[in-house]
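Note on naming: letters A, B, ... go to the chains in the order of the sequence lines (proteins, then strands), and numbering restarts at 1 for each one.
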Protein chains: 2
Amino acid sequence: MKLSEKKRLAILDAAEALFYKSGVEHTSMDQIAAQAGASKRTVYNHFATKDELFHAILARMLANINNDEVISFDQNTAIEQQLTAIAEQEVRLLTSANFLRIAKIAFMQMLLQPELAQSLANNSMGCMRYLEPFLQDANSAGVLDIDEVDVAAKQFVYQLKSFVFYPLLYGFESAKHQQPELVIKQTVALFLARYKAA
Amino acid sequence: MKLSEKKRLAILDAAEALFYKSGVEHTSMDQIAAQAGASKRTVYNHFATKDELFHAILARMLANINNDEVISFDQNTAIEQQLTAIAEQEVRLLTSANFLRIAKIAFMQMLLQPELAQSLANNSMGCMRYLEPFLQDANSAGVLDIDEVDVAAKQFVYQLKSFVFYPLLYGFESAKHQQPELVIKQTVALFLARYKAA
DNA sequence: GAAAAACTACACTCAATAGTTTACTTTACG
DNA sequence: CGTAAAGTAAACTATTGAGTGTAGTTTTTC
């Protein structure tokens, strides 16, 4: 790899780590340069402004996230098992260091810049990419009985986010770990109690 | 009211509004003084540092929140109706301008200062003050059938927060209003499907 | 191996902002 | 009314941090 590329990556890595630790506002370009092992001038040669650097990080992180396999409804597998698989995948995403890092950085900025929230909200992630079609198919197959598929999908995902993601994001319960398996079990149970076809 | 008290309130009001709009970091003490109609020196006579002012605001807001009536389980009223009442009260809290203001200010800081998150997390608010005993009583009366009351209480409240609070907090869906009645109906329905005693 | 591109150290400008000092005016109150 | 408490305006200090300019060194590329 060329030196120029190595520096660029080092700068992105350094900025990401510092933004995560201290927030964008509390991180100076001098700190970033120092942590990256680059001169400040080099930082500015790669990224004209701090804001440009911030958006480059956001873009890189978003690109690294959506890699999970799409799960489609399968007539021949128990619905409980399929929903559990989806939940497991989602919990893995929501609790990954990668995702938490981007989330914390992004959420901080979103509270300050509503327009950023808008643009990120449209970017649907994780199982929200495919959950509605999945539920629709299960509906058609007579396995589930859902009136409003969009609401049901949100109910499912929001349970997971509320139990595993937000507590980690905000640092509630730093010591007491939520048992992911328990959360998944409870979420699937709640969902099926409501929507499993009679 | 004495001038001194009036100034103190004006400063708190101004700081609250500005912290809400721009975040604590992006609000200067000069701005606060100007908006409060006070001299900067007066601001510093009331609050020695910006941080002290921030905590004074937090304290005032917290004091203004927990005022809602506690709802206790009533043997003679349908459980659906009682849960709906609780949900309505909670949604009113979660969508009130007051609560959203403190939440936005506090959440921003929480992302930066995990220890603040710890101290605020303990401060349980809204219906979380009384929901677990309520469910326990309903359990004992044979109206509900819940294994883990703490999990169930969270499931209930998290639904409401996810649908009405977080979207407003982060400015997702600024235009498209979530219908609060619909959210309440769906939440109660989901909960009772799972936990209503046979 | 030489020209071009990229990196470095470091001094610099410029603006913002927390908090202070001072000299003076207004308000509260016995 | 007179004194003490509180408020005011405005200049001031000191620091921080974004971004630039420069002169010289290293890396890439042809």
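Going from atom NZ of Lys50(A) over to atom P of dT16(D) covers 15 Å, rounded to whole Å. As a whole-Å value, the separation of Asp51(A) CG from dG17(D) P is 18 Å. Atoms CG (Asp30(A)) and P (dA18(D)) sit 7 Å apart, rounded to a whole Å. Nucleotide dG17(D) holds its P atom 12 Å from the CG atom of Leu18(A), rounded to whole Å. Computed from coordinates, the Asn45(A) CG to dT26(D) P distance equals 18 Å when rounded to whole Å. Across the protein-nucleic acid pair, His26(A) atom NE2 and dT16(D) atom C1' stand 12 Å apart, rounded to whole Å. In this structure, CD1 of Ile32(A) is placed 15 Å from P of dT8(C), rounded to the nearest angstrom. Atom CG of Leu53(B) is separated from atom C1' of dG19(C) by 14 Å (rounded to the nearest Å).
Counting non-hydrogen atoms under 4.0 angstrom, Ala38(A) reaches the backbone sugars and phosphates but no base. Using a 4.0 Å heavy-atom distance criterion, Lys40(B) is classed as a base contact. Thr42(A) comes within contact range of at least one nucleobase, with a heavy-atom separation under 4.0 Å.
Side-chain atoms of Glu90(A) come within 3.5 Å of backbone atoms of Cys127(A) as a donor-acceptor pair (strictly under, hydrogens ignored).
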Q) After noting the C-alpha distance and the side-chain angles of Phe165(A) and Phe99(A), does the key distance pass the ring-ring contact (aromatic ring centres under 6.0 Å, His included) rule? A) CA-CA 10 Å; Phe165(A) 173 64; Phe99(A) 189 78; 5.5 Å; yes

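Between Lys7(A) and dC7(C) there is no side-chain polar atom (N or O) within less than 4.0 angstrom of OP1 or OP2. When the side-chain nitrogen and oxygen atoms of Ser4(A) are compared with OP1 and OP2 of dT28(D), none of them lie within a distance under 4.0 Å. Look at His46(B) and you won't find any side-chain N or O under 4.0 angstrom from OP1 or OP2 of dA6(D).
In this structure, Tyr166(B) has its ring center closer than 6.0 angstrom to the ring center of Tyr166(A). Between Phe191(A) and Tyr195(A), a ring centre-to-centre spacing shorter than 6.0 Å is recorded.
Considering only side-chain atoms of Arg41(B), the nucleotide from dT8(C), dT8(D), dT17(C) that sits closest is dT8(D).
Considering Thr84(A), Ile86(A), Val91(A) as possible partners of Glu88(A), the one that fulfils the side-chain contact (heavy atoms from CB on, under 4.5 Å) test is Thr84(A).
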